[in-house]
*Asks:* 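One structure, as structure tokens, below. Some questions next.
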Amino acid sequence: MEGKMLAAYFDVPGGPENLYIKEVAKPVPKEGEVLVKVQASALNRADLLQRRGKYSPPPGASEIVGLEAAGTVVGFGPGADGFWKVGDPVMALLPGGGNAQYVSVPLGQLMPIPSGMKTTEAAAIPEAWLTAFQLLHLVGKVQKGETVLIHAGASGVGTAAIQLCRLAGAVPIVTAGSSEKLQITKKLGAAAGFNYKEEDFGTKCLEFTNNVGVDVILDCIGATHWQKNLQCLNTDGRWVVYGLMGSGEINGDLLSKLLWKRGSILGSLLRSRTSKYKAELVKAFTEKALPYFSPGGPIQLQPIVDSVFPLDKIPDAHQRMEDNKNTGKIVLQIPQ
Ligand SMILES: NC(=O)c1ccc[n+]([C@@H]2O[C@H](COP(=O)([O-])OP(=O)(O)OC[C@H]3O[C@@H](n4cnc5c(N)ncnc54)[C@H](OP(=O)(O)O)[C@@H]3O)[C@@H](O)[C@H]2O)c1
């Protein structure tokens, strides 16, 4: 196995059953990269799209799925030593390559694992929490006291966004597809929650805000929710589109409704951002949010782990996400 490692792989795009464990070349860290021995990784919706051949990794990124990992530092590329020591526990934001025994990570995309936290919890942090942090602060520019409507409130990103809203002094309200999921979002800090399958969330959000409307919408659904989103958006509201699970094809008078509200639509993708942007995001998150994952503070942030699958059960893990069964993150345990 010298120079080799195990990784999740698929030869042709398709369903979860196409995934299998393959022996592949171990990555060699390039300039400014750190080699990490991965103990746990986690799933993201982007993995499902990639497996179906609908989301290619950005240029230069690994073909192996996996946008995040937690493990220990085992080596350094040129110019990357001096910041971390061999054996340091780290978690990483990745453009790909996380569902494997080793991954090479640009220095700026590594964070320390909060002390006492298991790697199966730490692996649930990077992609979902950095996305939620970025959407709220860098894109949506949420202010203290504002109301934020978070769709898919029980998703990996949603469960992080609820908690980060509370940390920012904003008021999170959510939608989700079942009462069980809504209950969990309430425990995490959601001030209200609506089952979008049974309730008119547009009207409910207006009622909740005394007809003022919500200041920010974190929207990973798109077309199926657009009318209700505009119905409940406050004047000068920011509608942040970061996923299209309910399609991107809209027929209707979206622009005039948006104009009358003086609303903004802001699109955001994290994976395709530059290394410099990601490093700045990681730095801001490390300073402003990461300390709250350690116990004892006035506000406690916690990664929500739905389930842990061994790497060779990755088809089952993908199936669970595809069936919308998870609340929080689906984690993969990597063989050592
Ligand atoms: N732009 C970015 O940078 C970025 C980064 C990370 C993730 N994302 C996006 O963020 C979203 C959440 O990702 P995740 O990994 O956290 O997801 P996740 O944990 O798998 O949760 C997704 C949940 O969304 C709900 N959902 C699925 N299809 C839906 C539909 N058509 N209408 C309404 N709700 C639907 C389901 O919950 P219910 O039971 O409540 O319906 C599902 O469990 C995805 O769209 C993903 O692509 C974007």
Side-chain angles (χ1 to χ4, degrees), residues 16 41-52 54-55 58 65-68 93-96 98 123-140 149-164 174-186 188 190 193-199 201 217-226 228-229 239-249 265-274 277-278 281 285 303-307 317-332:
S41 184
L43 261 57
N44 290 279
R45 284 267 151 175
D47 303 340
L48 309 191
L49 292 172
Q50 184 172 335
R51 191 201 68 227
R52 292 214 176 265
K54 292 181 178 160
Y55 195 168
V65 276
L67 300 181
E68 55 202 337
L93 175 72
L94 307 167
I125 292 180
E127 176 71 14
W129 284 80
L130 287 164
T131 295
F133 185 88
Q134 177 204 20
L135 298 177
L136 285 170
H137 294 290
L138 308 189
V139 184
L149 171 59
I150 300 163
H151 290 309
S155 65
V157 177
T159 52
I162 295 166
Q163 298 178 66
L164 287 173
V174 305
T175 65
S178 73
S179 55
E180 293 77 21
K181 286 190 177 183
L182 287 172
Q183 260 169 23
I184 291 171
T185 63
K186 204 167 172 187
L188 293 176
F194 308 113
N195 184 336
Y196 69 92
K197 293 177 180 167
E198 295 169 356
E199 295 173 285
F201 75 79
I217 302 177
L218 298 193
D219 182 17
C220 54
I221 310 300
T224 51
H225 283 8
W226 79 268
K228 289 175 187 148
N229 280 338
W239 175 7
V240 180
V241 178
Y242 71 103
L244 295 170
M245 288 188 289
S247 155
E249 226 172 282
I265 298 185
L266 301 151
S268 187
L269 291 174
L270 178 54
R271 194 179 190 184
S272 55
R273 304 258 187 190
T274 62
Y277 179 98
K278 287 177 186 170
L281 174 64
F285 179 81
I304 304 304
V305 175
D306 169 81
S307 44
H318 271 232
Q319 191 62 57
R320 182 168 174 80
M321 182 173 269
E322 208 150 86
D323 292 342
N324 297 332
K325 285 190 175 147
N326 60 298
T327 294
K329 299 282 296 184
I330 299 175
V331 170
L332 296 171

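Only a predicted model underlies this, so the values are computations on that prediction, with no experimental measurement involved. Every number for a ligand or one of its atoms is a count from 1 in the order of the listing.
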*Asks:* Please identify which atoms of ligand 1 are closer than 4.0 Å to at least one heavy atom of Ala152.
*Replies:* 24 (O)
*Asks:* Is the side chain of Glu68 donor-acceptor paired with the backbone N or O of Glu127 at a distance under 3.5 Å, no angle test?
*Replies:* yes
*Asks:* Tell me which part of Gln134 gets within contact of ligand 1: side chain, backbone, both or neither, using heavy atoms under 4.0 Å.
*Replies:* neither
*Asks:* Determine whether the aromatic ring centres of residues His151 and Tyr196 are separated by less than 6.0 angstrom.
*Replies:* no
*Asks:* Need the ligand 1 atom indices (1-based, order shown) with element for anything under 4.0 Å from a heavy-atom of Ala176.
*Replies:* 40 (O)
*Asks:* Run down the list Lys197, Lys181, His151 and name the one with the heavy atom closest to atom 37 (O) of ligand 1.
*Replies:* Lys181
*Asks:* For ligand 1, which atoms, with element, lie under 4.0 Å from some heavy atom of Glu127?
*Replies:* 5 (C), 6 (C)
*Asks:* Closer than 4.0 Å to some heavy atom of Asn326 - which atoms of ligand 1 meet that?
*Replies:* 18 (P), 19 (O), 20 (O)
*Asks:* Look at atom 47 (O) of ligand 1 and say which protein heavy atom is nearest, naming residue and atom and giving the distance to 0.1 Å.
*Replies:* Arg45 CB, 3.7 Å
*Asks:* Out of curiosity, is Ile221 lining ligand 1, as in a heavy atom under 4.0 Å away?
*Replies:* yes
*Asks:* Run through Lys181, Lys325, Lys329, Arg320 and flag the one making a salt bridge (charged side-chain N to carboxylate O under 4.0 Å, His left out) with Asp306.
*Replies:* Arg320
*Asks:* Under 4.0 Å from any heavy atom of Leu269, which atoms of ligand 1 are there?
*Replies:* 1 (N), 2 (C), 3 (O)
*Asks:* Identify the closest protein heavy atom to atom 42 (C) of ligand 1: which residue and atom is it, and at what distance?
*Replies:* Asn324 OD1, 3.4 Å
*Asks:* Which option wins on minimum heavy-atom distance to atom 4 (C) of ligand 1: Val157, Thr131, Leu130?
*Replies:* Thr131
*Asks:* Considering Ala154, Gly177, Ala160, Gly158, which one's heavy-atom position lies nearest to atom 40 (O) of ligand 1?
*Replies:* Gly177
*Asks:* Which residue supplies the protein heavy atom nearest to atom 41 (O) of ligand 1, what is that atom called, and how far is it?
*Replies:* Tyr196 OH, 2.5 Å
*Asks:* Would you confirm whether Arg271, through its side chain, and Gly96, through its main-chain N or O, come within 3.5 Å as a donor-acceptor pair?
*Replies:* no
*Asks:* Where the closest heavy atom to atom 45 (O) of ligand 1 is concerned, which of Lys325, Met245, Met321 has it?
*Replies:* Met245
*Asks:* Going by heavy-atom distance to atom 21 (O) of ligand 1, choose the closest among Ala42, Ser155, Ser272.
*Replies:* Ser155
